[in-house]
2 protein chains.
Amino acid sequence: MEQTDTALTQMGQLERVTLGERAYLKLRQLIMSGKLAPNEKLSLRSVAEALGVSIMPVREAVTRLVAEGALSLLPNRAISVPLMTRAKFEELLRIRTEIEGFAAAEAAVHRTSRDLKLILDYDKDFRDAVGKGDSEVDSSLQLNKELHFAVYEAAGSPILVSIIEGLWLKVGPVINLDLRASQRLASGNAETHHARLVEAIINQDGNAARAAVVADIRSSGEFILGSNQLWTNLPEPA
Amino acid sequence: MEQTDTALTQMGQLERVTLGERAYLKLRQLIMSGKLAPNEKLSLRSVAEALGVSIMPVREAVTRLVAEGALSLLPNRAISVPLMTRAKFEELLRIRTEIEGFAAAEAAVHRTSRDLKLILDYDKDFRDAVGKGDSEVDSSLQLNKELHFAVYEAAGSPILVSIIEGLWLKVGPVINLDLRASQRLASGNAETHHARLVEAIINQDGNAARAAVVADIRSSGEFILGSNQLWTNLPEPA
DNA sequence: AGTCGTGATCTGTGATCACATATTAACTCA
DNA sequence: TGAGTTAATATGTGATCACAGATCACGACT
């Protein structure tokens, strides 16, 4: 079974992406970027038709997303984007500060120079996008996400990253729906927090990195808590 | 829409458990309790036959478990219980101490008297089961789990609990497979840590609760790291 | 008008079929 | 005896069918 290190052994397996996986990624992206509004309902068949596949792959994707809490399966057999309550949002905020703070601290300590370079790049891209103003809100939100995850990846713990992805998936719709409306108010703080975060990671200062991430999360969280009166009392849509 | 409070309004919805859900719970329990050994392979059709259903519910269950990392989908189209490496086990240990420690601290602060009563009950049951010796290893492991989760539930954060469930699901096979062999060595420490944990929760001392849980996790973790040479280098079975 | 039944339509769930691909068995040839 | 090849079996993935239950629209009756 042993082989000399030929080109064959290095070729790497060509990835098999099933339709279910692609449907999952597509829906996931839609949800996380806020393209699907909370309480929006969707059906297997309509999504399947939109994606040009049968309902089977969609079933698989929806099953996963429901298991992760990114979609909700109402007792009436209806699939919907779960609507956020103030209490749940605050719960997520508490958990995120703890876990993402931990990840940032680990990242600061364990980062490689490669990690650092990536983080610096994303930070620069983010500042550029924000500088361009409202025309780049979508991409600046995207870059904000990529910067955060570049940091979390640097912690060298895939499991931790996947946990955080799950949290962002839950909080994604509200964050993006809200911040897209008025990005400017929050982005000013974001740049400050990001600067502190990057500096902490450069200095490999775990506590400072944690503090910066916590402040960033709290800042955007409080902004949304203050600006959005919608989901405070919204049991049912009109 | 408003109704007087008649028997109809109190009846409560009768829960709808799909076959897929039941298959998921069954497999999940098997995995978490170590009944399925790491690297054990299983097929949709064989599981379906064992459960007396078609493969559809099994597909759904397996899909979820794979998404949670509790099962692994090999590139050869084979479903297997993922085998643990030393590095991954240590990674899980680090994450668990952080997250479960946080949950315990929150629990100590936010617990109600109802929560406390439940925790005390489970603690007593656990000590009883351990006292009965090796005949009760399975139930003492089960009670250990229930005690831990009674604590985590007391934090009042369902999302946090589900995250921890995911971690136990990943770490379950190894833990149970190993501890079942020689429960006695670890349980002595466990009782000590549990006692400290319970006391901290009584006193609503968050830091002490966190320290106790962290010590408990580290203790059992190091026991397994020391006793089990298996998965250090086990790329393939015979 | 307001309420209740009734039919049509749409929903998720489960079973079955179809298929490309892996795994294994048997076999051939050296 | 052993390597290479072929036939057979088993696998996950995807599509389609069947069905119970939910939703909605329309109409009848009070």
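Proteins get letters first, then strands, A, B, ... in listed order; numbering begins at 1 in each.
- A:Y24 and A:Q29 share no side-chain donor-acceptor pair at under 3.5 Å.
- Of the charged side-chain nitrogens involved, none lies within less than 4.0 Å of a carboxylate oxygen, so that B:R59 and A:E60 do not count as a salt-bridged pair.
- Between B:R64 and B:E21 there is a salt bridge, with a side-chain nitrogen of the basic residue lying less than 4.0 Å from a carboxylate oxygen of the acidic one.
- Among residues two or more places apart in sequence or in another chain, the side-chain contact (heavy atoms from CB on, under 4.5 Å) test is passed with B:L92 by A:I159, B:M84, B:L167, B:K170, B:V171.
- Note on residues 151-167 of chain B: pairs passing side-chain hydrogen bond (donor to acceptor under 3.5 Å, both in side chains), not counting sequence neighbours, are A:E91-B:S157, B:R28-B:E165, B:E100-B:Y152, B:H148-B:Y152.
- Within 6.0 Å of CD on A:E90 lie more than 12 heavy atoms contributed by other residues, nucleotides or ligands.
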Strictly under 3.5 Å: I want the nitrogen or oxygen pairs between protein and nucleotides 19-24 of chain D, one per line.
from, atom 1, to, atom 2, distance (Å)
D:dA20, N3, A:R77, NH1, 3.3
D:dG21, O4', A:R77, NH2, 3.4
D:dT23, OP1, A:N76, ND2, 3.1

Using the 3.5 Å cut-off, write out each protein N or O paired with an N or O of nucleotides 4-7 of chain D and the distance between them.
none

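- Sorted by residue number, the members of residues 53-74 of chain B with any non-hydrogen atom under 4.0 Å from DNA chain D read B:R59, B:L73.
- Mapping heavy-atom proximity under 4.0 Å, the span of DNA chain C touched by chain A runs 5' to 3' from C:dT11 to C:dG14.
- Taken from CG in B:L27 to CG in B:L42, the straight-line distance is 7.0 Å, to the nearest 0.5 Å.
- Rounding to the nearest 0.5 Å places CZ of A:F89 at 4.5 Å from CD1 of A:I224.
- A distance of 13.5 Å separates CG of B:L169 from CD1 of B:I164, quoted to the nearest 0.5 Å.
- Under the 3.5 Å distance criterion, the side-chain polar atoms of A:D115 are matched with a main-chain donor or acceptor of A:T112.
- One distance of note links NZ of A:K35 with OG of A:S33; it measures 4.0 Å at 0.5 Å rounding.
- The two residues A:A61 and A:G20 come nearest to each other via the heavy atoms CB-O, 4.0 Å.
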